[in-house]
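Note that these values count all heavy atoms, side chains included, but never hydrogens, waters or copies made by symmetry.
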Amino acid sequence: LTNGLHAQGPNEANYDEAKVPKYVLPEVLRTTSNIEVKNKTTWESVRRPELIKLFEDNIYGQMPKKYSNIKYTVSNRDANAMNGKAELKQVLIEVFNNNTSVKINLVLFVPNAAKKPVPVFLLINNRGKENTDPTRATKSEFWPAEMLIDSGYAIAAIHVTDLAPDDKEKYVNGVLQLYPDQLTADNGMKAIGAWAWGASRVMDYFETDKEIDATKVAVVGHSRGGKASLFAAAEDQRFAMCITNCSGNTGAALARRQFGERINRINASFPHWFNTNYKKYNNNENALPVDQHMLIALVAPRPLYATNASKDLWADPTGTFLSLKNAEKVYALYGKKSNLPATPPGINQPIIQSPLAYHNREGDHNLTAYDWSNFIRFANFHYKKGK
Ligand code: GCU
């Protein structure tokens, strides 16, 4: 495995732009009954719900909205964390349904100097728990809490293991226990749906925390976590902003390009991520009634930032950029003009002053301080906090 390229086998991945097949994307502004969507009213009342259902039924599974109870307990609080710069709150979010519960451990730092309520970035952490260390003994670029606090933002994180362990057998031990019907349905929720569901429960909590501006919550994820942050923002319109970092196949990248990772590979390696119906599209991308530009479009008109890394061809940087471009017309229905160029910008040339933002960072598949510093600039621009 060199340069982020995965081993080539019988289903070898294509990394050659010349071998991308000719493809026609399904039309985002045309309903299944063949009506052209010309305004946001038809988009919101007809096409948007139709697309949500298509993504649920064919890819991510259903998103259960009901539960019997939710409880928030502050398990640890430190008013003077980070040498007095921030307040630390560790909140246990316990959600009850079907006579059982899941416990979501939220780590939250709130800047002491900032005017309240304050906007927040919420990371769906798919990597080691140490990345979001509340004691700050361990610091990581994956979740550079001090950088966000110094910029006047609150920063929060949850870990995917609390919701659905990232394992093809153990993923059932979490949110799925609350919704047993999902386990047997062909369009049932699996791990990535459960992670997105968890982000929405944190949103429920933010709506009760007077220090947090629940109208300014950015949901952030890297790679498999970025697939979840994108689906979460599509499903839950309370998220004001979405950041999908190196999310690649079944994230921000177009499936029909068949570049880098493909559906057959992702379903073979991670059968617990997407629903059973999705397996029908193995080596059959063109049969999908959707493509990933439509998932981006479901975030409209809210600001969305997608990224790639130059050596991470597995996640198809060009296919990600094209996904954004093909969602522009839905943002336009809201009068939101994208400032993305016609072709992908160069490496380390972020396009930030746009509702659809993009960068391709030099380097490997990762979430870094460079990425976060641009997310801050993006939020500053859209929240009009100055440049
Ligand atoms: C694998 C997988 C990707 C995923 C990535 C990650 O490479 O094939 O789809 O995005 O892991 O989560 O880091």
Side-chain angles (χ1 to χ4, degrees), residues 28 40 43-44 48 51-52 114 117-124 147-148 151-156 196 199-200 202-203 206 212-222 225-247 251-253 292-308 320-341 344-345 349-361 367 370-387:
V28 63
K40 64 182 185 197
W43 167 255
E44 286 174 7
R48 188 177 198 288
L51 285 174
I52 288 277
V118 64
V120 63
F121 287 79
L122 167 66
L123 176 72
I124 301 172
M147 181 198 279
L148 280 288
S151 306
Y153 289 98
I155 180 162
S200 285
V202 178
M203 187 73 221
F206 285 149
I212 297 296
D213 186 346
T215 70
K216 292 194 173 83
V217 180
V219 61
V220 186
H222 166 66
K227 305 179 208 292
S229 68
L230 182 51
F231 183 55
E235 282 279 344
D236 189 339
Q237 297 186 74
R238 294 175 298 171
F239 290 113
M241 196 173 272
C242 176
I243 295 166
T244 182
N245 194 81
C246 299
S247 59
Q292 298 304 115
H293 63 304
M294 293 164 152
L295 192 60
I296 305 260
L298 288 170
V299 181
R302 297 162 289 155
L304 179 144
Y305 198 148
T307 74
N308 286 108
T320 301
F321 179 79
L322 291 174
S323 214
L324 298 175
K325 289 299 289 178
N326 283 287
E328 284 179 334
K329 55 179 116 170
V330 179
Y331 280 77
L333 290 181
Y334 291 87
K336 302 267 177 196
K337 202 192 161 312
S338 159
N339 287 320
L340 294 173
Q349 288 175 27
I351 310 294
I352 285 169
Q353 301 196 358
S354 172
L356 288 161
Y358 180 77
H359 74 236
N360 190 6
R361 169 181 49 75
L367 173 56
Y370 175 89
D371 299 315
W372 281 102
S373 67
N374 286 302
F375 304 156
I376 291 169
R377 292 172 60 205
F378 181 61
N380 288 349
F381 175 73
H382 286 286
Y383 297 150
K384 305 285 181 259
K385 281 181 55 162
K387 304 296 139 67

Engineer: Side chains of E328 and L340: does their closest heavy-atom pair fall under 4.5 Å?
Structural biologist: yes

Engineer: Given side chains that start at C-beta, do those of I52 and E235 come closer than 4.5 Å, heavy atoms only?
Structural biologist: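 Answer yes - side chains close enough.
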
Engineer: For the residue pair G221 and S229, what are the closest heavy atoms and their distance?
Structural biologist: N-OG, 3.4 Å

Engineer: Does I351 form a side-chain contact (heavy atoms from CB on, under 4.5 Å) with F378? I'd like the steps, not just the answer.
Structural biologist: CA-CA 9 Å; I351 310 294; F378 181 61; over 6 Å; no

Engineer: Which is it for I352 and N374 under the side-chain contact (heavy atoms from CB on, under 4.5 Å) test, yes or no, and what are the steps along the way?
Structural biologist: CA-CA 8 Å; I352 285 169; N374 286 302; 3.4 Å; yes

Engineer: For N380 and Y153, does a side-chain donor sit closer than 3.5 Å to a side-chain acceptor?
Structural biologist: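 The answer is yes; a qualifying pair exists.
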
Engineer: Output the distance between atom NE2 (H382) and atom NZ (K216), rounded to the nearest 0.5 Å.
Structural biologist: 13.0 Å

Engineer: If you take all heavy atoms of R361 and C246, which pair is closest and at what distance?
Structural biologist: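 Closest pair (atom of R361, atom of C246, distance): NH2-SG, 4.4 Å.
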
Engineer: Can the positive tip of K384 be found less than 6.0 Å from the middle of the six-membered ring of F381, inside 45° of the ring normal?
Structural biologist: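 Verdict for F381: a cation-pi partner in K384.
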
Engineer: Shortest non-hydrogen contact from A297 to A327?
Structural biologist: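 Taking every non-hydrogen atom into account, N-CB, 3.9 Å.
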
Engineer: Tell me, do W43 and L51 make a side-chain contact under 4.5 Å, heavy atoms counted?
Structural biologist: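 The answer is yes; the side chains approach within 4.5 Å.
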
Engineer: Okay, side chain of R377, backbone of Q353: is any donor-acceptor separation there less than 3.5 Å?
Structural biologist: no

Engineer: Quick one: does R238's side chain have a donor or acceptor within less than 3.5 Å of a partner on S200's backbone?
Structural biologist: yes

Engineer: With the side chain counted from C-beta on, respond yes when I376 and M147 share a heavy-atom pair under 4.5 Å apart, and no when they do not.
Structural biologist: yes

Engineer: How close do R48 and L298 get, counting heavy atoms only, and between which atoms?
Structural biologist: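 Nearest pair, atom of R48 first, then L298: NH2-O, 2.7 Å.
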
Engineer: Under 4.5 Å between any side-chain heavy atoms of C242 and L230, yes or no?
Structural biologist: yes

Engineer: Looking only at heavy atoms, which two atoms of V299 and A234 are closest? And how far apart?
Structural biologist: CG2-N, 4.1 Å

Engineer: Looking at the rings of Y358 and Y305, which for Trp means the six-membered one, are their centres under 6.0 Å apart?
Structural biologist: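 No.
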
Engineer: Verify, without hydrogens or angle tests, whether K336 (side chain) and L356 (backbone) share a donor-acceptor contact under 3.5 angstrom.
Structural biologist: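 Side chain of K336 to backbone of L356: no pair is present.
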
Engineer: Take L367 and F375 through the test side-chain contact (heavy atoms from CB on, under 4.5 Å) and record every step on the way to the result.
Structural biologist: CA-CA 11 Å; L367 173 56; F375 304 156; 3.8 Å; yes

Engineer: Starting at CZ of F121, measure out to CD1 of I243 and round the result to the nearest 0.5 Å.
Structural biologist: 5.0 Å

Engineer: State, yes or no, whether a side-chain contact exists between I296 and V330 at a heavy-atom distance under 4.5 Å.
Structural biologist: no

Engineer: Here's one to test your reading of the geometry: is the NZ or CZ of K337 within 45 degrees of the ring axis of Y331 and under 6.0 Å from its centre?
Structural biologist: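 The answer is no; the distance or angle limit is not met.
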
Engineer: Does the side chain of T307 pick up a donor-acceptor pair with the side chain of N245 at under 3.5 Å?
Structural biologist: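 Note: T307 and N245 side chains meet the donor-acceptor criterion.
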
Engineer: Check whether the side chains of D371 and H359 place a donor and an acceptor atom closer than 3.5 Å, and report yes or no.
Structural biologist: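 Side chains of D371 and H359: pair found under 3.5 Å.
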
Engineer: Report yes if some heavy atom in the side chain of K40 is under 4.5 Å from a heavy atom in the side chain of P301; otherwise report no.
Structural biologist: no

Engineer: Considering non-hydrogen atoms only, spot the tightest contact between F239 and A232 and give its length.
Structural biologist: CD1-O, 3.8 Å

Engineer: Please confirm whether the backbone N or O of A252 pairs with a side-chain atom of S247, one donor and one acceptor, at under 3.5 Å?
Structural biologist: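 Yes; at least one donor-acceptor contact below 3.5 Å.
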
Engineer: With a 4.5 Å heavy-atom cut-off, do M241 and Y383 have their side chains touching?
Structural biologist: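 Yes, at least one pair of side-chain atoms sits under 4.5 Å.
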
Engineer: Do I124 and V219 pass the side-chain contact (heavy atoms from CB on, under 4.5 Å) test, and can you show the C-alpha distance, the side-chain angles, and the key distance before you say yes or no?
Structural biologist: CA-CA 8 Å; I124 301 172; V219 61; 4.0 Å; yes

